[in-house]
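Remarks on the structure that follows.
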Amino acid sequence: TTIQVLDVQPAPYSFHARSACTGKRYIYTVSEGVGTPFTARYRWALGLGKRLDIPAMRRAAAILTGKRDFSSFSRRLPSDPRSPIKCMRRLQVVRFDGEGMVQIIAECDRFLHNMMRMISGTLVQVGLGRLSVEEVATLLEAKGRKNTSVPTAFTAPAHGLCLDTCFFGEDWEATLPCLHLWRSTDDSNATSEAETAAHDRAPAHLQGDAKSLAPSKVQLTIAIRYAASMCSSVYAEPVRV
């Protein structure tokens with residue numbers, strides 16, 4: 001594992017990378033088709049001829065957006081005292097035409113164990129036509145209860161997952177108005193008037209260009225400390241914006 005330190009800033013002695021975190025952004029990357037040897041370590045290649053139904057995946061993602069009980073999308077022990085109710089403020093599916101790449105971007109105040117992988121895997125099953133949008137709604141409403149009438153969440157392979165950003169304090173609230181930072185060549189991903197208006201109201205440094213997603217010095221410091229304490233290995237590619 002290689003970690004490149006870009007900057008170091010002092011932090012209060014009481015600072016803790018996990019308990020001080022108020023939100024996270026994860027990105028899961030999928031290759032439509034067989035992929036390439038150069039991306040195999042950090043993309044889930046779906047196989048020859050496989051292409052995802054992006055509109056269906058977005059409809060399913062909309063069901064999972066907001067304050068929800070994500071018990072069906074996690075591996076929780078009965079003894080775990082933490083609430084399974086989390087606030088998913090953003091769950092977006094983006095296709096990069098001409099590259100055979102699809103990314104699932106999720107921002108949530110807290111993620112349960114395996115939650116991002118199970119959400120990503122389930123959305124991919126919808127995109128492949130193996131699950132319906134209605135079945136995703138049924139799965140969410142089951143709240144982890146097991147019975148034959150409820151479909152099972154699919155867990156995506158680990159190597160497509162990347163922790164993109166940890167939010168701390170004001171960083172989480174500051175990005176709330178910015179609903180659409182990502183751009184794609186897929187016409188069906190065009191922003192609505194409401195999204196465009198929200199984007200224009202966001203602070204200039206948070207609007208949708210490459211610089212808007214560049215982490216601050218504080219974020220870099222926190223991200224380095226979080227990675228050092230939480231991750232044994234991370235494979236990530238530069239994120240396209």
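On a predicted model such as this, the values are computed, not experimentally measured, just so you know.
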* Geometric class of the Phe154/Trp44 ring pair [parallel <30°, tilted 30-60°, perpendicular >60°] -> parallel

* Just do the side chain to side chain contact (heavy atoms under 4.5 Å, CB included) check on Met57 and Ile54 with the steps written out, would you? => CA-CA 5 Å; Met57 293 175 68; Ile54 300 299; 4.1 Å; yes

* Test side-chain contact (heavy atoms from CB on, under 4.5 Å) applied to Val126 and Leu52, Asp53, Val136, the passing residue ->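 Testing each of Leu52, Asp53, Val136 against Val126, the sole residue satisfying side-chain contact (heavy atoms from CB on, under 4.5 Å) is Val136.
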
* To do: Kindly say whether the aromatic ring centers of Phe15 and Phe168 come within a distance under 6.0 Å.
  => yes

I need the [X] [atom1] to [Y] [atom2] distance, nearest 0.5 Å.
{"X": "Ser71", "Y": "Arg76", "atom1": "OG", "atom2": "CZ", "result": "5.0 Å"}
{"X": "Thr152", "Y": "Gln125", "atom1": "OG1", "atom2": "CD", "result": "11.0 Å"}
{"X": "His113", "Y": "Arg117", "atom1": "NE2", "atom2": "CZ", "result": "8.0 Å"}
{"X": "Arg68", "Y": "Cys87", "atom1": "CZ", "atom2": "SG", "result": "9.0 Å"}
{"X": "Leu139", "Y": "Phe70", "atom1": "CG", "atom2": "CZ", "result": "11.0 Å"}
{"X": "Ser83", "Y": "Ile85", "atom1": "OG", "atom2": "CD1", "result": "4.5 Å"}

Going by heavy atoms in the side chains, are [X] and [Y] under 4.5 Å from each other?
{"X": "Thr39", "Y": "Ser31", "result": "yes"}
{"X": "Cys108", "Y": "Arg25", "result": "no"}
{"X": "Cys162", "Y": "Thr29", "result": "no"}
{"X": "Leu161", "Y": "Tyr26", "result": "yes"}
{"X": "Arg41", "Y": "His159", "result": "no"}
{"X": "Ile105", "Y": "Leu91", "result": "no"}
{"X": "Arg145", "Y": "Val150", "result": "no"}
{"X": "Thr122", "Y": "Phe73", "result": "yes"}

* With a distance cut-off below 6.0 Å to the six-membered ring centre and an angular limit of 45° from the axis, does Arg89 pair with Phe167 as a cation-pi contact? ->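 Satisfied, under 6.0 Å and within 45°.
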
* Side chain of Glu135, backbone of Ser132: donor and acceptor closer than 3.5 Å? -> yes

* Return yes if some donor-acceptor pair links the side-chain N/O of Arg58 with the main-chain N/O of Val93 below 3.5 Å, else return no. => yes

Residue pair [X] / [Y]: nearest heavy atoms and the distance that separates them:
{"X": "Tyr28", "Y": "Ala156", "answer": "OH-CB, 3.3 Å"}
{"X": "Ala45", "Y": "Val34", "answer": "CB-O, 3.5 Å"}
{"X": "Gly23", "Y": "Arg110", "answer": "N-NH1, 4.3 Å"}
{"X": "Leu64", "Y": "Met88", "answer": "O-CB, 3.4 Å"}
{"X": "Leu123", "Y": "Ala61", "answer": "CD2-N, 3.8 Å"}
{"X": "Val133", "Y": "Ala56", "answer": "CG2-O, 3.6 Å"}

* To do: Kindly indicate, with the supporting measurements, whether the criterion side chain to side chain contact (heavy atoms under 4.5 Å, CB included) is fulfilled by Arg75 and Met115.
  => CA-CA 8 Å; Arg75 302 187 189 279; Met115 178 174 154; over 6 Å; no

* Asked: Can a salt bridge be assigned to the pair Lys50 and Glu32 using a cut-off of 4.0 Å between side-chain N and carboxylate O?
  -> no

* Before accepting this row, confirm whether a basic side-chain N of the pair Lys86/Asp109 lies closer than 4.0 Å to the acidic partner's carboxylate O. => no

* To do: Decide side chain to side chain contact (heavy atoms under 4.5 Å, CB included) for Val94 and Val102; before the verdict, give the C-alpha distance in whole Å, the side-chain angles of both, and the deciding distance to 0.1 Å.
  => CA-CA 6 Å; Val94 179; Val102 172; over 6 Å; no

* To do: Walk me through it: do Met116 and Leu163 pass the test side chain to side chain contact (heavy atoms under 4.5 Å, CB included)?
  => CA-CA 10 Å; Met116 181 60 184; Leu163 173 60; over 6 Å; no

* To do: With sequence neighbours excluded, tell me which residues meet salt bridge (Lys or Arg N to Asp or Glu O under 4.0 Å) with Asp69.
  =>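 Salt bridge (Lys or Arg N to Asp or Glu O under 4.0 Å) list for Asp69, sorted by chain: empty.
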
